[in-house]
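Take a look at the structure set out below.
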Amino acid sequence: MTTLDERPATASAAAEQRPARTTLTMAGAINAGLRAAMERDDKVLLMGEDIGALGGVFRVTDGLHKDFGDDRVMDTPLAESGIVGTAIGMAMRGYRPVIEIQFDGFIFPAYDQITTQLAKMHYRSGGAIQLPVVIRVPYAGGIGAIEHHSESPEALFAHTPGLRIITPATPQDGFDMIQQAIASPDPVLFFEPKARYWDKGEVDHGRVEAQLGGIGGASAGTAEMSRARVAREGSDVTLVAYGPTVRLALQSAEAASQAGIDAEVIDLRSISPLDSDTVVKSARKTGRVVVIHEAPTSFGAGAELSSRVHEQAFFHLHAPVLRVGGFHTPYPGAVHEHDYLPSLDRVMDAVDRVMAH
Amino acid sequence: MTAGGPLSTEGLVQLLTPAGERIGHEQFDPHTAHLTPDDLRAFWRDMTLTRAFDMEATSLQRQGELGLWVQSWGQEGAQIGSGHALNGQDWVFPSYREHGVALTREVDLVEVLRIFRGLQHGAWDPADHRFHLYTLVIGSHALHATGYAMGMAKDGMVATGDPERDGAVVAYFGDGATSQGDVAEALTFASVYDAPIVFFVQNNQYAISEQATRQSRVPIADRGKGVGIPSVRVDGNDVLASHAVTRWALEHARSGAGPVLIEAFTYRRGAHTTSDDPTRYRSKAEEQLWAERDPIARLEAYLTAAGELSDDYRTGVDAEAKALCERTRATVRGWTRADTRGMFDHVYAEPHALVDAERSWFERYERSFADTEVPR
């Protein structure tokens, strides 16, 4: 067993040589973010199934085992509750475990540990115990997978106080937000839209580095990852999306513009807390809101958001808030998933309906 | 009575018979050699204080001062014996009946009652005592304990040979918990990562109303075999044997040799909680049988026969117990209801917009009553 002080010298040398801006895939950006977090803080360690030599089934931890060793990149027994439960114990000991749950549908054996222990320990202890555990979850569909590999369970966790739930939609956010999540003193579920893993984008490495390296950086990072982002400004209708549906919302806005409709697009980024202020502000401007997510619409994040918009912007609305999302069915077989998932046509149908008012 | 599986009395390490006679044991006698008559009297004192407090808390629940109480009655031998085997670096992850262990970790027992009066969910800072908070979800903390032990190993607190540095974790849970997946996973993780941890199972024969035979077909200690964890069955009503076995197990774990599973066979003399009614599922005859195997009476018989328990010492401990009970009663009755706004505190370590908004709303709502009731 190596001690924590013996981390490979090549890792820090690599940090100094890293260019300020690179083009990365979402998977590559999260990988780079994990590496940067591990270089910044010796207490950061990774746990999960097949994350070591294999680099994870999506290769998000590729190369980290080679550079940081068994002690910090831990292949675990095949037991999700065990992974989360032991990560809680290690966090109590002062470590910052970052867990990979291999697929969305496999998180449920850990549901008890996440909701009854991880979420509640800070409260139970009156603030004496912080559990800075990050749970990375590749989620959502669109990749032609078999059962349990395409689900969007974020709302099930959003109902539990004590958890933060965030989801990036771009490589830049993948890089920044994973580091902010790791620096946060609260438990964070980090939902990674697996269909977007291979999307490329430019990543500025310097901004989050400066933020987290400064005094109060963890607090600033937690605040920043909790904010929504206006991805496109518009005046006629607000399209709200997160994770895998942000790209669809932007495509829909482009299609709408050809029909003379000026759509604003909001990337929520955070489900808990939900930055409803940003959405309400937009709703007061446009008077029309469509929420788009892959999870079933019933009791989903869109339902919560719709309720808040109605409560806080009712007299500014020209039309009821509409939701475009999955149905109250299990995620169907892959041949049907493109009819189950929100599509350009279904979003435009909703846009037409709110514009009709 | 003949009983098999987890109710069997076969293979139990015993150093004191129920009548209080000392019997030799080749492997574990050396782990009692450090004990002086003062130490043994302290065991008797701690068991006596724990029981007195337990009975007082039961009375307070019956008087409506507590919402619920969970008795440790009958399990003092397993708890005090094992608790006193721990050193300063070791950490305890209790379930919720480990009041005796709490005493050995210098937790003020009165404070434990904050949980049962509904004031708060945790009543002490674990770091002050190296005694984690009570965990109510059965078996969940076995994993936290394992992860904590893995962290201690990473921190270089194992196998250095330095008694001031080497440490281990003891996770306490019961026979019922051994049916939980989390306990099975904890045994697996502890085993494959060689974690410095002792799993201390108090087989008190009951999970509320279900006998241990509903949890297992074999003695609980046999669970260790399948995961390669050395296991011991000990008479949990024998404080001396419980101490010796735990001391051995902790040395094993601290030395880097990996986890140990201890099954302390004992009996829950009280109800599961004050909401339970054992008359529905067990006989008076059975309760009587276990009253005769009581851990406190056993050590008392041994010390008395050895001329090591003077009347003065007894009188002193009786007075101490009485004072503890009086302080418990007065303190509990003196606790006032905390400001309800405190329920919004510590949900998160960093600000969370929804909690902040709901706290503000609640404060405005409360103020609206103040305005109408006390017009200015």
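Lettering follows sequence order; numbering is per chain, from 1. The basis for the numbers below is simple: all heavy atoms, side chains too, and nothing from hydrogens, waters or symmetry mates.
Met90(A) is listed as a side-chain neighbour of Lys154(B), based on a closest heavy-atom distance under 4.5 Å. The side-chain heavy atoms of Leu143(B) and Ile83(A), taken from C-beta on, include no pair separated by under 4.5 Å. Side-chain atoms of Pro77(A) and Val192(B), non-hydrogen and from C-beta on, do get closer than 4.5 Å to each other. Tyr348(B) has its side chain out of reach of Gln130(A): every pair of non-hydrogen atoms, C-beta onward, lies at least 4.5 Å apart.
One finds the CD1 atom of Ile129(A) at 5.0 Å from the CG atom of Leu133(B) (value rounded to the nearest 0.5 Å).
Applying the salt bridge (Lys or Arg N to Asp or Glu O under 4.0 Å) rule to pairs touching residues 101-113 of chain B yields Asp108(B)-Arg327(B), Glu111(B)-Arg114(B), sequence neighbours excluded.
The closest donor-acceptor contact from the side chain of His346(B) to the backbone of His122(A) lies at 3.5 Å or more, if one exists at all.
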Subject >> Derivation and outcome, side chain to side chain contact (heavy atoms under 4.5 Å, CB included), residues Thr86(A) and Tyr148(B) >> reply: CA-CA 7 Å; Thr86(A) 52; Tyr148(B) 197 90; over 6 Å; no

Original post:
Does the side chain to side chain contact (heavy atoms under 4.5 Å, CB included) test come out yes or no for Asp112(A) and Asp182(B), once each step is laid out?
Top reply: CA-CA 10 Å; Asp112(A) 172 49; Asp182(B) 277 1; 4.1 Å; yes

Original post:
Step by step, would you call Tyr193(B) with Met74(A) a side chain to side chain contact (heavy atoms under 4.5 Å, CB included)?
Top reply: CA-CA 10 Å; Tyr193(B) 289 115; Met74(A) 301 167 63; 3.8 Å; yes

Subject >> Check against salt bridge (charged side-chain N to carboxylate O under 4.0 Å, His left out), Lys43(A) and Asp155(B) >> reply: CA-CA 10 Å; Lys43(A) 294 292 185 184; Asp155(B) 289 343; 3.7 Å; yes

Original post:
Going through the checks in order, is the side chain to side chain contact (heavy atoms under 4.5 Å, CB included) test met by Met121(A) and His144(B)?
Top reply: CA-CA 11 Å; Met121(A) 196 71 76; His144(B) 310 160; 4.0 Å; yes

Subject >> Test side-chain hydrogen bond (donor to acceptor under 3.5 Å, both in side chains) applied to His352(B) and Ser272(A), step by step >> reply: CA-CA 8 Å; His352(B) 187 280; Ser272(A) 179; 3.0 Å; yes

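Chain B forms the most heavy-atom pairs under 4.5 Å with one residue out of Ser125(A), Ala91(A), Gly126(A), and that residue is Gly126(A). Between chain B and the residues Gly162(A), Ser219(A), Ala218(A), Gly127(A), the most heavy-atom pairs under 4.5 angstrom are made by Gly162(A). In terms of heavy-atom pairs under 4.5 Å with chain A, the best-connected choice from Gly151(B), Ala184(B), Gly122(B) is Gly151(B). Taking Val169(B), Val355(B), Asp345(B) one by one and counting their heavy-atom pairs under 4.5 Å with chain A, the maximum is reached by Asp345(B). Among Ile115(B), Val137(B), Thr146(B), the residue with the largest count of heavy-atom pairs under 4.5 Å with chain A is Val137(B).
With a 4.5 Å cut-off on non-hydrogen atoms, Ala186(B) does not touch chain A at all. For Ala87(A), no part lies under 4.5 angstrom from a heavy atom of chain B. With a threshold of 4.5 angstrom between heavy atoms, Thr222(A) approaches chain B through side-chain atoms but not through N, CA, C or O. For a residue to count as touching a neighbouring chain, one of its non-hydrogen atoms must lie under 4.5 Å from one of that chain's; by this rule Val347(B) touches chain A with backbone and side chain alike. Residue contact with chain A, scored on non-hydrogen atoms closer than 4.5 Å, involves the backbone and the side chain of Glu350(B) alike. Of the two parts of Arg227(A), neither the backbone nor the side chain holds a non-hydrogen atom closer than 4.5 Å to a non-hydrogen atom of chain B. Looking at Pro351(B), the atoms closer than 4.5 Å to chain A (heavy atoms on both sides) all sit in the backbone: N, CA, C or O.
Nearest heavy atoms, Asp186(A) versus Ala349(B): OD1-N, 2.6 Å.
Side-chain contact check for Gln117(A) and His141(B): no donor-acceptor pair (N or O, by modelled atom type) lies under 3.5 Å.
Ring planes of His121(B) and Tyr123(A): tilted class, angle from 30 to 60°.
In this view, Arg136(A) and Glu100(A), Glu192(A) satisfy the salt bridge (charged side-chain N to carboxylate O under 4.0 Å, His left out) rule, not counting sequence neighbours.
Counting non-hydrogen atoms of other residues, nucleotides and ligands closer than 6.0 Å to NE2 of His310(A) gives a total above 12. When the shell of 6.0 Å around CZ of Phe362(B) is examined, it contains more than 12 heavy atoms from other residues, nucleotides or ligands.
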